[in-house]
**Student:** 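Pasting in a structure now, in structure tokens, and then I'll have a few things to ask.
Model, not experiment: these values are computed from the prediction. Remember, it's 1-based here, ligands and their atoms both numbered in the order they're listed.
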Amino acid sequence: MKNAWSAWTGPLAATVLALALSACGSSGGGGAAGETTDAKSPEALVKANCISCHGNQLEGRGREKLNLLKVGARMSKEEIADKITNGGGGMVAFKGRLTEEEISSIADFLAEKK
Ligand code: HEC
């Protein structure tokens, strides 16, 4: 239910936001447009989103497939980002739950793990 809802509201909210931003473009204030999501570290994002399945240390809870400690050795950053975005094989898709920047920073972080 939650997913169906966000599938609808996601694009809609993006459109509304884009309209709102372009509408106030002439005001010159410009403060809100450059707003940065407070930069969460990839470690914090992983702790918050991934360890429930992949284990506290990302060791995979005894399942080699879920062990992410050396995931950078077998997957590229792009493949990791794709897996996080789209899920599959028992993994949830994080599209709509994490921003592209967040997914990209997690993928960077994991791709370093070799
Ligand atoms: C609901 C449980 C669950 C959560 C939460 C979860 N994963 Fe997964 N993940 C899985 C499962 C199950 C697989 C194995 C999928 C497969 O066999 O293709 C997997 C596979 C992966 C893989 C591919 C590993 C490989 O060697 O093929 C990566 C990378 C990954 N997860 C990253 C993450 C990241 C990063 C997060 C947090 C943003 C996360 N996962 C959250 C269950 C989960």
**Student:** Should Ile103 and Leu45 count as side-chain neighbours, where that means a heavy-atom distance under 4.5 Å?
**Tutor:** no
**Student:** Report the member of Lys83, Arg63, Lys65 with the shortest heavy-atom distance to atom 17 (O) of ligand 1.
**Tutor:** Lys65
**Student:** When rounded to the nearest 0.5 angstrom, what distance separates CD in Glu101 from CG in Asp108?
**Tutor:** 12.5 Å
**Student:** Going by heavy atoms in the side chains, are Glu102 and Thr99 under 4.5 Å from each other?
**Tutor:** yes
**Student:** Just distances here: any N/O of Asn49 and N/O of ligand 1 closer than 3.5 Å?
**Tutor:** no
**Student:** Give me the residue, atom name and distance of the protein heavy atom closest to atom 41 (C) of ligand 1.
**Tutor:** Phe94 CE1, 3.5 Å
**Student:** Just which atoms of ligand 1 are under 4.0 Å from any heavy atom in Ile106?
**Tutor:** 35 (C)
**Student:** Only heavy atoms of Cys53, strictly under 4.0 Å: list the atoms of ligand 1 that pass.
**Tutor:** 1 (C), 2 (C), 3 (C), 4 (C), 5 (C), 42 (C), 43 (C)
**Student:** What protein heavy atom sits nearest atom 7 (N) of ligand 1, and how far away is it?
**Tutor:** His54 NE2, 2.7 Å
**Student:** Who gets closest to atom 35 (C) of ligand 1 by heavy atom: Thr85, Ile84, Ile51?
**Tutor:** Ile84
**Student:** Evaluate the side-chain proximity of His54 to Arg61: yes if any heavy-atom separation is below 4.5 Å, no if none is.
**Tutor:** no
**Student:** Are Leu66 and Leu110 connected in the hydrophobic side-chain network, where two residues link if heavy atoms are under 4.5 Å apart?
**Tutor:** no
**Student:** Can you tell me how far apart CD (Glu64) and NZ (Lys70) are? Round to the nearest 0.5 Å.
**Tutor:** 9.5 Å
**Student:** Less than 3.5 Å between some nitrogen or oxygen of Ser52 and one of ligand 1, yes or no?
**Tutor:** no
**Student:** Suppose I only count heavy atoms of Leu66 and a 4.0 Å limit; which atoms of ligand 1 are within that range?
**Tutor:** 9 (N), 10 (C), 11 (C), 12 (C), 13 (C), 14 (C), 19 (C)
**Student:** With heavy atoms of Leu110 as the reference, note each atom of ligand 1 found under 4.0 Å away.
**Tutor:** 35 (C)
**Student:** Identify, by atom number and element, the atoms of ligand 1 in contact range of Gly90, meaning under 4.0 Å from any of its heavy atoms.
**Tutor:** 12 (C), 42 (C)
**Student:** Is there a donor-acceptor contact under 3.5 Å from the side chain of Glu59 to the main chain of Gln57?
**Tutor:** yes
**Student:** Do any nitrogen or oxygen atoms of Arg74 come within less than 3.5 Å of a nitrogen or oxygen of ligand 1?
**Tutor:** yes
**Student:** Compare all side-chain heavy atoms of Leu58 with those of Asn67 and state whether any distance is below 4.5 angstrom.
**Tutor:** no
**Student:** So which protein heavy atom does atom 30 (C) of ligand 1 come closest to, and at what separation?
**Tutor:** Met91 SD, 3.4 Å
**Student:** Look at atom 15 (C) of ligand 1 and say which protein heavy atom is nearest, naming residue and atom and giving the distance to 0.1 Å.
**Tutor:** Gly89 O, 3.2 Å
**Student:** Do me a favour and list the nearest non-hydrogen protein atom to atom 23 (C) of ligand 1 with residue, atom name and distance?
**Tutor:** Met75 SD, 3.6 Å
**Student:** Can you tell me if Arg63 has over 12 outside heavy atoms packed within less than 6.0 Å of its CZ?
**Tutor:** no
**Student:** Tell me whether ligand 1 is touched by Leu68 - counting only heavy atoms on the residue side and a distance under 4.0 Å.
**Tutor:** yes
**Student:** Please determine whether Cys50 has a backbone or side-chain N, O or S atom lying under 2.8 Å from atom 8 (Fe) of ligand 1.
**Tutor:** no
**Student:** Between Ser104 and Lys77, does any side-chain donor sit less than 3.5 Å from a side-chain acceptor?
**Tutor:** yes
**Student:** Tell me whether Glu112 contacts the main-chain N or O of Phe109 through its side chain, where contact means a donor paired with an acceptor under 3.5 Å.
**Tutor:** no
